[in-house]
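These notes concern the structure reproduced below.
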Amino acid sequence: MDKSWMHSDRRSKAYEFGVEAFLNFAVENLLTTTHIRCPCVKCINLKLFGVGIIRDHVYFNGIDQSYKNWTFHGEPWEATTNASRNVEEDDGHSRYSFVSEEIDMDDNDFGDFGSYPYEFANVIGDGDQPVYPGCRKYTKLSALVKLYNLKAKHGMSDVCFTELLILQGNLLPEGNTIPTSMYEAKKTLCALGLSYEKMHACPNDCILYRKEYEDSTNCPTCGISRWKEGKDSILKEGVPAKVVWYFPPIPRFKRMFQSHETAKSLTWHAARKSIDGQMSHPADSPSWKLLDDKWPEFGNEPRNLRLALSSDGFNPHSSLSSRYSCWPVILVTYNLPPWLCMKRKFMMLTLLISGPKQPGNDIDVYLEPLIDDL
């Protein structure tokens, strides 16, 4: 497919025809018009939108010109020499041990990136490249992961982090590979992360603007506008009044089974035996046994996941004040042994519900995408 339009003027007919050809190509391959990764320079394939919003983004922001192989939109991946290299060092230790320490991932989680080999090949290249010529302690990737961890730990703004990167680049010797902006850093690290969906919600917790309500501008239940109202009582079109961030769990479930050690731990509950008769794990509880008896087909497969849904900050008494500004919804995998199931890296954040009011009994509205996936 001709991709020369990506470098054309956004006001030209060539760009217009190219955008439409790209969108048609994506819809034909992905068989959806509502959940497609946006390739504009701001979203850089990290966010999913409908065709209409993607068209607007690509016109207003421009398409990411470095996105030459459309792997996220159905184009077969072209193998590179980097991807064929072994990811293990000669001494048997993973070159990604620094990433494991910084972001709580197993070494085995890097063994197979499944449907994202192009991004994985880039990660391998960044993992080999020294942060400056002659440096043996840090690579471009390890330095960036440590810097990004500091950003998250101390709550740096994107502007502050960009200025820190520029300063760091000026302090290091000539020829260093430190990115000069938050945008470049995000592009480098995106292959290590997992995607999320940003959904608009009714401020009164009536609906999520998805499926049949995706293009609505007013809530069909209470009639309130989808958009935020400014101080002058004028609606800011395009600025949502309430937002929910959804982190799909299915890619993370796949990663758990891609790791040999984690996959083995997920069947630990079936192999163990309670010796002392005490309840030391949820598998010893009457609820677990009731589930096995009620759905024997599910219970007979030890790899089937038993999940706990939990949240924090919900106030059962609405008359009392709440200090929270957002509410997390977390999945805990009970298949794992007790010393693993409550570890941070196995507690999956699936939803972040923004304030200022807590959802209360209307939390079921926000759980819809999670229930659909499960």
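Count residues from 1 along the sequence.
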| Taking it one step at a time, do Phe49 and Ile54 satisfy side chain to side chain contact (heavy atoms under 4.5 Å, CB included)? | CA-CA 6 Å; Phe49 296 110; Ile54 292 175; 3.9 Å; yes
Examine distances only and state if a side-chain atom of [X] and a backbone atom of [Y] form a donor-acceptor pair shorter than 3.5 Å.
| X | Y | answer |
| --- | --- | --- |
| Asn218 | Gly223 | yes |
| Ser12 | Tyr15 | yes |
| Ser8 | Ala14 | no |
| Tyr67 | Phe72 | yes |
| Asn204 | Cys206 | no |
| His269 | Pro302 | yes |
| Arg37 | Asn45 | yes |
| Ser265 | Glu261 | yes |
| Asn176 | Pro173 | yes |
| Gln129 | Thr177 | no |

Distance-minimising heavy-atom pair for [X] and [Y]:
| X | Y | value |
| --- | --- | --- |
| Tyr366 | Ala201 | CE2-CB, 3.8 Å |
| Cys202 | Cys219 | SG-SG, 3.7 Å |
| Asp373 | Ile250 | O-CD1, 3.9 Å |
| Asp293 | Pro296 | O-CD, 3.6 Å |
| Leu165 | Leu144 | CD2-CD1, 4.3 Å |
| Arg226 | Glu214 | NH1-O, 2.7 Å |

Rounded to the nearest 0.5 Å, what separation is found between the [atom1] atom of [X] and the [atom2] atom of [Y]?
| X | Y | atom1 | atom2 | value |
| --- | --- | --- | --- | --- |
| Lys264 | Ser259 | NZ | OG | 11.5 Å |
| Met156 | Leu150 | CE | CG | 5.5 Å |
| Lys294 | Ser287 | NZ | OG | 11.5 Å |
| Phe346 | Thr333 | CZ | OG1 | 8.5 Å |
| Asn61 | Cys38 | CG | SG | 7.0 Å |

For atom [atom1] of [X], is the number of surrounding heavy atoms from other residues, nucleotides or ligands below 6.0 Å larger than 12?
| X | atom1 | result |
| --- | --- | --- |
| Lys228 | NZ | no |
| Glu301 | CD | yes |
| Phe253 | CZ | yes |

For Leu331 and Leu307: C-alpha separation, side-chain torsions, deciding distance, then whether side chain to side chain contact (heavy atoms under 4.5 Å, CB included) applies. CA-CA 6 Å; Leu331 282 181; Leu307 304 171; 4.1 Å; yes
Given the rule in the ring pair (Phe, Tyr, Trp, His ring centres under 6.0 Å) test, do Tyr148 and Phe161 qualify, once you have shown the distances and angles that lead to the verdict? CA-CA 8 Å; Tyr148 204 84; Phe161 188 64; 5.7 Å; yes
Margin query: Let's go through Arg210 and Asp215 carefully: what are the C-alpha distance in whole Å and the side-chain angles of both, what is the deciding distance for salt bridge (charged side-chain N to carboxylate O under 4.0 Å, His left out) to 0.1 Å, and is it a yes or a no?
Written below: CA-CA 8 Å; Arg210 60 192 292 266; Asp215 298 322; over 6 Å; no
Q.
Working note: Ser311 + Ile330, criterion side chain to side chain contact (heavy atoms under 4.5 Å, CB included); need CA distance, chi angles, decisive distance, verdict.
A. CA-CA 6 Å; Ser311 188; Ile330 297 167; over 6 Å; no
Honestly curious: do [X] and [Y] fall in one hydrophobic cluster under the side-chain, below-4.5 Å linking rule?
| X | Y | value |
| --- | --- | --- |
| Trp295 | Leu309 | no |
| Met182 | Leu167 | no |
| Val51 | Tyr209 | no |
| Trp227 | Ile207 | no |
| Ile353 | Ile224 | no |

Do [X] and [Y] have side chains that approach each other closer than 4.5 Å (heavy atoms only, starting at C-beta)?
| X | Y | answer |
| --- | --- | --- |
| Thr34 | Lys211 | no |
| Val27 | Ile36 | yes |
| Arg252 | Thr350 | yes |
| Ile44 | Pro39 | no |
| Leu164 | Lys151 | no |
| Asn335 | Thr267 | no |
| Leu305 | Tyr334 | no |
| Leu367 | Tyr246 | no |

Requested in this report: Could you label the plane-to-plane angle of the Trp288 and His281 rings as parallel, tilted or perpendicular, counting under 30° as parallel and over 60° as perpendicular?
Outcome: perpendicular
Practice item. Start with the C-alpha gap between Thr180 and Glu184, add the side-chain angles, then the distance that decides, and say whether side-chain hydrogen bond (donor to acceptor under 3.5 Å, both in side chains) holds. Key: CA-CA 7 Å; Thr180 56; Glu184 290 182 29; 3.2 Å; yes
### Message
I'd like to know if Lys13 pairs up with Glu16 as an ion pair, taking the criterion as any Lys NZ or Arg NE/NH1/NH2 lying under 4.0 Å from an Asp or Glu carboxylate oxygen.
### Response
yes
(Q) If the threshold is 4.0 Å, N to carboxylate O, is there a salt bridge linking Asp205 and Lys242? (A) yes
| Is the ring centre of Phe22 less than 6.0 Å from the ring centre of Trp70? | yes
Would the His73 and Phe25 ring centres measure less than 6.0 Å apart?
-> no
**Ser142 side chain to Thr139 side chain, donor-acceptor N/O pair below 3.5 angstrom** = yes
| said: Could you tell me if Asp158 and Tyr183 have a donor-acceptor pair between their side chains, going purely by distance under 3.5 Å? | reply: no
>> Could you go through Met199 and Glu368, starting from their C-alpha distance and side-chain angles, then the distance that decides it, and tell me whether this counts as side chain to side chain contact (heavy atoms under 4.5 Å, CB included)?
In response: CA-CA 12 Å; Met199 302 179 182; Glu368 281 180 7; over 6 Å; no
Assess the residue pair Glu75 and Lys68 against the criterion (salt bridge (charged side-chain N to carboxylate O under 4.0 Å, His left out)); give the C-alpha distance rounded to whole Å, side-chain angles, the decisive distance to 0.1 Å, and a yes or no. CA-CA 10 Å; Glu75 187 174 23; Lys68 298 174 182 177; over 6 Å; no
Taking the six-membered ring of Tyr59, is NZ or CZ of Arg10 closer than 6.0 Å to its centre and within 45° of its axis?
no
Show your reasoning for whether side-chain hydrogen bond (donor to acceptor under 3.5 Å, both in side chains) applies to Ser4 and Asp2.
-> CA-CA 6 Å; Ser4 59; Asp2 179 26; 2.9 Å; yes
